[in-house]
Number of protein chains: 2
Amino acid sequence: MGVEHLDYLIEIAENNGLFASYQTTTSQLSKKLSTSQQTVSRNLIEMENQGLIERKVNLNGIELKLTKKSIQLLENLNKRLNSLFNRKSSVLKGIVTSGIGEGRYYVSLPQYQKKFKELLGLLPFAGTLNLKVNLSDLAQFIHNLENIEIPSFSTKERTFGSITCYKVKIKNIDAAIIMPERTRHEKDIIEIIAPFYLRSKLHLKDNSEVLLEK
Amino acid sequence: MGVEHLDYLIEIAENNGLFASYQTTTSQLSKKLSTSQQTVSRNLIEMENQGLIERKVNLNGIELKLTKKSIQLLENLNKRLNSLFNRKSSVLKGIVTSGIGEGRYYVSLPQYQKKFKELLGLLPFAGTLNLKVNLSDLAQFIHNLENIEIPSFSTKERTFGSITCYKVKIKNIDAAIIMPERTRHEKDIIEIIAPFYLRSKLHLKDNSEVLLEK
DNA sequence: ATTACTAACCGGCGAGTAA
DNA sequence: TTTACTCGCCGGTTAGTAA
């Protein structure tokens, strides 16, 4: 699973490429790897026994070379990391649901409507579109999006909680994900505001699939 | 240097993306990571203290999330691995030298000339071009090249050693790197054969730079 | 100079268990 | 069920040193 002796393998690989051999000494390596000469010696023998390296002792020290096995290990690790970092994150898929979100309430209040217009540049339709999304895709999607905060504010009568918004586009319509403060805990249903009643404008029904874009 | 607790970080990342949090239990993790529940618990606390993860214990287990620090660590590792695997290897730079290579001798023998024609499809000029190259670039360059072997053979008078060849192109001229068996040990001067006297054909002098292509 | 063995030590691992 | 503490044990690390 976890690549054993990874630091050794990378040290060898970075010093002479994946395929050439690396003339060094155990004490040189021990400094680079912050350990003792003896530990390096023992670990290299162990790695050789595991088929991770070829190891030739000579007068000047040791000649080390990665084996196919260890190159493969590094390659697999590289692929796994790549797939973590290269996930498509410019699009988020959502499924239309009719759960009653709290956003619907907020968006109906004139005080917030004004704020939405001011900060997002859109006067929202008095209702939200609820989308069920994959939580981890959501986190990835909004990770690089600008975080537009509508701060909490108070009138004589009551206090209005803050809302976090992210500008998105749905079929080229400017819209926004809104997340009321008190529902900040991660949940897999998000609410979208837009200048139109999206359900009719985009002919959406429950379980329709929608793509949010940045 | 070496990323600590890498297997833990990857496990978390692969389960819920880099940015979302991961609801799990220490015993679930211990199975996946082939260790004990106690060790997982201890390591997670340690990782939290090192600022590698955020960790929230709840009734159902633990909620884990990578921090910026650990995402950065993974990203750095990914970049280092990428630069190992993405090295340009379709071109090899060589510097013309006039060291007397052994290939010059072999290539002058009619027995080898016949073999070169047969196996490489080129009747070589009776001399070689010596190039100084970077050893690790060389290893990378020939790694994926077909390894054409001229076996050793004997006549009544003597024995001829084997030669390993790699087909290459220099300015679109078909050529080959030749490596006599007895000089198989890695050295940073290689010998090139081609149907022409390359020095004059390409106007090369000592220290001229030459690009070998696949 | 090297590598690498031996032996003492020290720290991580996990069984048991509390909360 | 959880998490995570204590503690005994085992194994990796390193000092000393041989080759």
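Throughout, protein chains are lettered first and strands after them, A, B, ... in sequence-line order, and every chain is numbered starting at 1. It should be emphasised that the depicted structure is a prediction, and the values quoted were computed from it without experimental measurement.
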(message) Could you tell me if B/T128 and B/E191 have a donor-acceptor pair between their side chains, going purely by distance under 3.5 Å?
(response) yes
(request) Under 4.0 Å from any atom of DNA chain D, heavy atoms only: list the residues of residues 39-62 of chain A that qualify, in numerical order. (result) A/T39, A/R42, A/N43
Applying side-chain contact (heavy atoms from CB on, under 4.5 Å), can you list everything that pairs with [X], at least two apart in sequence or on another chain?
{"X": "B/K31", "result": "none"}
{"X": "A/Q23", "result": "A/N58, A/N60, A/E63"}
{"X": "A/F153", "result": "A/Q111, A/Y112, A/F160"}

(message) Can you measure A/Q38 atom CD to C/dT6 atom P for me and round it to whole angstrom units?
(response) 14 Å
(request) Report the distance from atom CG of A/L64 to atom P of C/dA4, rounded to the nearest whole Å. (result) 10 Å
(request) Tell me, please, whether A/Y22 has A/K65 positioned over its six-membered ring: NZ or CZ under 6.0 Å from the ring centre and within 45 degrees of its axis? (result) no
(request) Would you work out how much the helix from C/dT2-D/dA19 to C/dA19-D/dT2 bends between its ends, with each end axis defined by five base pairs, to 10 degrees? (result) 40°
(request) Look at the side-chain N and O atoms of B/T35 and state whether any lies under 4.0 Å from the OP1 or OP2 oxygen of C/dG14. (result) yes
(message) Counting C-beta onward and ignoring hydrogens, is there a side-chain heavy-atom pair between B/I95 and B/E209 closer than 4.5 Å?
(response) yes
(request) Could you tell me which non-hydrogen atom of A/V40 sits nearest to which non-hydrogen atom of A/Y8, and how far apart they are? (result) CA-OH, 3.6 Å
(request) List the atom of B/L44, the atom of B/I53, and the distance in Å for their closest heavy-atom pair. (result) O-CD1, 3.5 Å
(request) Give, for atom CG of A/L145 and atom OG1 of A/T164, the distance between the pair rounded to the nearest 0.5 Å. (result) 12.5 Å
(request) Look at the side chain of B/N15 and the backbone N and O of B/E11, then say whether any donor-acceptor pair between them is shorter than 3.5 Å. (result) yes
(message) I'd like the 5' and 3' limits of the part of DNA chain D contacted by chain B, with heavy-atom contacts below 4.0 Å.
(response) D/dT2 to D/dC5
